[in-house]
Number of protein chains: 2
Amino acid sequence: MTRRGQYAKGAAKRAEILAVALDVVAEMGTRKSSNREIAARVGLTQPGLMHYFRTREDLFVEVLRARDARDHEQFYSPDQGFQGFLDVIAHNATVPGLVRLYVEYSAEATIEGHPARAYFEERFAWVRALVIESVESEQAAETMGTGVDVPYVADLMIAAADGLQVQWLLDPSIDMAARLSRLWEGIRATSWTPIEA
Amino acid sequence: MTRRGQYAKGAAKRAEILAVALDVVAEMGTRKSSNREIAARVGLTQPGLMHYFRTREDLFVEVLRARDARDHEQFYSPDQGFQGFLDVIAHNATVPGLVRLYVEYSAEATIEGHPARAYFEERFAWVRALVIESVESEQAAETMGTGVDVPYVADLMIAAADGLQVQWLLDPSIDMAARLSRLWEGIRATSWTPIEA
DNA sequence: GTCTATAAAAGGATAGAC
DNA sequence: GTCTATCCTTTTATAGAC
């Protein structure tokens, strides 16, 4: 066993834990997903799990960060416009644990002083910037008019996407990406101009 | 003390508990709002509280049901169209505990077998029906075109409203009602027709 | 209607051995 | 890197007195 081998094993175990945590969350919800249960499913005891993640909050935030990194790499490219956003949504519908963790944890974390609140604030700003960029790239390509209030549209698309996730958790037959695509087309089809500003 | 007097006192205490529960949730979030803390704030012990609500879930669902009843009576009238929905949203922004409880608890309750899942399913169907009715009443008054896919628009408005609540919890300076009003006007202003159907 | 007392469980986290 | 053992806290809920 070389030192590199050990590191590689540690990294693999970490990745395994992140994946298994999503399965557990999908089945029992964030609240009932105990560290013990997650540990058991990767063949560890609960203290064994804590070797990889100092706190429970760290574990959940790491799961979400891993998602962000993958989404950014896999779905967003500078010039594809709004389609990247829709691709992420479509992909989410294949990972119920991720949707559940995001919806539950983002709600819980809004409370003052929650250890994950900063993560969600930063993530929101990040997604917002990505969507704004997407819309502006559509404007540059003249596939969308310049009359729209871009930040407003970005916040609205994000709100609709988040709200649809709760509806989808109650009824997974609804097509989140199709509905958001329709909203997007609706905005694009109009000469919709801001009310203020 | 007549029998009626005792009932009246019990009902008043129940109402007090519902109100105080919202304060506690606003401060500490649903997860950390223990029965003990709520009980203490109404001058009861935790078993004293359980006299009024058999389980914690009962208490939270009762809080939400009381809100539904009041909203329905206060804000919805058969012929006012979509404005009732916007009035409810504007009122929500004055009751942070309610927004927090709804967002957190509706997420948690989507899990299979959760005691509050049925409530949220029924509530969603109910709100959906109300919004559909509102839109149709606008169509009847010819303040909205007949080309729109009404159920789709209803689900979208609800999703946007729910998603905005999370954004509002992170930043209470955003005006939820104004944003939804703007979406509504956007839909109204277009000859937006369904993509499918 | 409210309390005291207590059950009974589960939770997250840590110390220290191996 | 993982385990055993254990701590300490907190939770909801119940039994039974007043």
Side-chain angles (χ1 to χ4, degrees), chain A residues 1-21 24-25 27-63 101 104-105 108-109 111 113-116, chain B residues 1-21 24-25 27-63 101 104-105 108-109 111 113-116:
Chain A
M1 287 296 163
T2 68
R3 175 161 282 242
R4 189 148 85 216
Q6 288 173 342
Y7 282 160
K9 185 188 170 196
K13 198 73 182 174
R14 262 183 91 87
E16 186 193 349
I17 293 167
L18 294 178
V20 165
V24 179
V25 167
E27 274 175 46
M28 349 210 258
T30 309
R31 186 154 195 227
K32 294 264 177 209
S33 292
S34 68
N35 296 352
R36 270 188 177 82
E37 176 69 24
I38 296 166
R41 298 228 201 159
V42 289
L44 288 178
T45 59
Q46 184 252 344
L49 181 75
M50 305 304 274
H51 172 74
Y52 292 93
F53 302 94
R54 226 179 50 79
T55 69
R56 172 181 179 71
E57 283 77 25
D58 285 350
L59 169 56
F60 285 147
V61 170
E62 278 302 297
V63 171
L101 177 61
E104 282 191 60
Y105 208 48
E108 178 183 332
I111 198 77
H114 191 287
Chain B
M1 288 296 164
T2 68
R3 177 160 280 240
R4 190 147 86 216
Q6 287 173 342
Y7 282 160
K9 185 190 170 195
K13 196 73 181 174
R14 261 183 90 87
E16 186 193 350
I17 293 167
L18 294 178
V20 166
V24 179
V25 167
E27 274 174 46
M28 353 208 255
T30 308
R31 185 150 197 229
K32 294 265 177 210
S33 293
S34 68
N35 297 352
R36 261 189 183 80
E37 177 68 25
I38 296 166
R41 299 229 199 158
V42 290
L44 289 178
T45 60
Q46 183 253 341
L49 181 76
M50 305 304 274
H51 172 74
Y52 292 93
F53 302 93
R54 227 180 50 78
T55 70
R56 172 181 179 71
E57 283 78 25
D58 285 350
L59 168 56
F60 285 148
V61 170
E62 278 300 298
V63 170
L101 176 61
E104 282 191 60
Y105 208 48
E108 178 184 333
I111 198 79
H114 191 287

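Naming convention: chains lettered A, B, ... in sequence-line order (proteins, then strands); numbering from 1 in each chain.
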Peer 1: What is the 5' to 3' range of DNA chain C, first to last nucleotide, that sits under 4.0 Å from any heavy atom of chain B?
Peer 2: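 Boundary nucleotides touching chain B, in 5' to 3' order, are C/dG1 to C/dA5.
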
Peer 1: Taking all heavy atoms of A/F60 and all of A/S33, pick out the closest pair and write down the distance.
Peer 2: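 The pair with the smallest heavy-atom distance is CZ-O, 4.4 Å.
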
Peer 1: Mind checking the NZ-CD1 spacing from B/K32 to A/I111? Nearest 0.5 Å is all I need.
Peer 2: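 Rounded to the nearest 0.5 Å, the NZ-CD1 separation comes out at 11.0 Å.
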
Peer 1: Rounded to the nearest Å, what distance is computed from the CD atom of residue B/E37 to the C1' atom of nucleotide D/dT9?
Peer 2: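 Going from CD in B/E37 over to C1' in D/dT9 covers 16 Å.
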
Peer 1: May I have the distance from B/M28 (atom CE) to D/dT11 (atom C1'), rounded to whole angstrom?
Peer 2: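 So the CE-C1' distance, B/M28 to D/dT11, works out to 13 Å.
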
Peer 1: Whole Å only: how far is the CZ atom of B/R36 from the P atom of D/dT11?
Peer 2: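 Taking atom P of D/dT11 as the reference, CZ of B/R36 is at 7 Å.
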
Peer 1: Among B/L44, B/L18, B/V25, B/L49, find the one that has a side-chain contact (heavy atoms from CB on, under 4.5 Å) with B/I38.
Peer 2: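 The residue from B/L44, B/L18, B/V25, B/L49 that satisfies side-chain contact (heavy atoms from CB on, under 4.5 Å) with B/I38 turns out to be B/L49.
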
Peer 1: Could you check A/L59, A/D58, A/N35 and say which one makes a side-chain contact (heavy atoms from CB on, under 4.5 Å) with A/M50?
Peer 2: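 It is A/N35, the one option of A/L59, A/D58, A/N35 that forms the side-chain contact (heavy atoms from CB on, under 4.5 Å) with A/M50.
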
Peer 1: Short of 4.0 Å, heavy atom to strand atom, which residues of residues 40-47 of chain A count as contacting DNA chain D?
Peer 2: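 Hits under 4.0 Å, by residue number: A/G43, A/L44, A/T45, A/P47.
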
Peer 1: On DNA chain D, check which nucleotide each of A/R31 and A/H51 is closest to and give me the residue with the more 5' one.
Peer 2: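 Residue closer to the 5' terminus by nearest nucleotide: A/H51.
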
Peer 1: Which distance, rounded to the nearest 0.5 Å, do you find between the CE of B/M28 and the NE2 of A/H114?
Peer 2: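 So the gap between those two atoms works out to 14.0 Å.
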
Peer 1: Can you check whether A/P115's main-chain N or O pairs, donor with acceptor, with A/E57's side chain at less than 3.5 Å?
Peer 2: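 Between the backbone of A/P115 and the side chain of A/E57 there is no qualifying donor-acceptor contact (under 3.5 Å).
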
Peer 1: Give, for atom CD of B/E27 and atom CD of B/E37, the distance between the pair rounded to the nearest 0.5 Å.
Peer 2: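 Separation between the atoms: 7.5 Å.
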
Peer 1: Rounded to whole Å, how long is the line connecting atom CE of A/M50 with atom C1' of D/dA5?
Peer 2: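 Rounded to the whole Å, the gap is 16 Å.
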
Peer 1: Considering just the side-chain nitrogens and oxygens of B/S34, establish if one lies under 4.0 Å of OP1 or OP2 belonging to D/dT10.
Peer 2: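 Looking at the OP1 and OP2 atoms of D/dT10, neither is under 4.0 Å from any side-chain N or O of B/S34.
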
Peer 1: Which residues satisfy the side chain to side chain donor-acceptor pair (under 3.5 Å) test with A/Q46, sequence neighbours excluded?
Peer 2: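 Counting only residues at least two positions away or on another chain, A/Q46 forms no side chain to side chain donor-acceptor pair (under 3.5 Å).
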
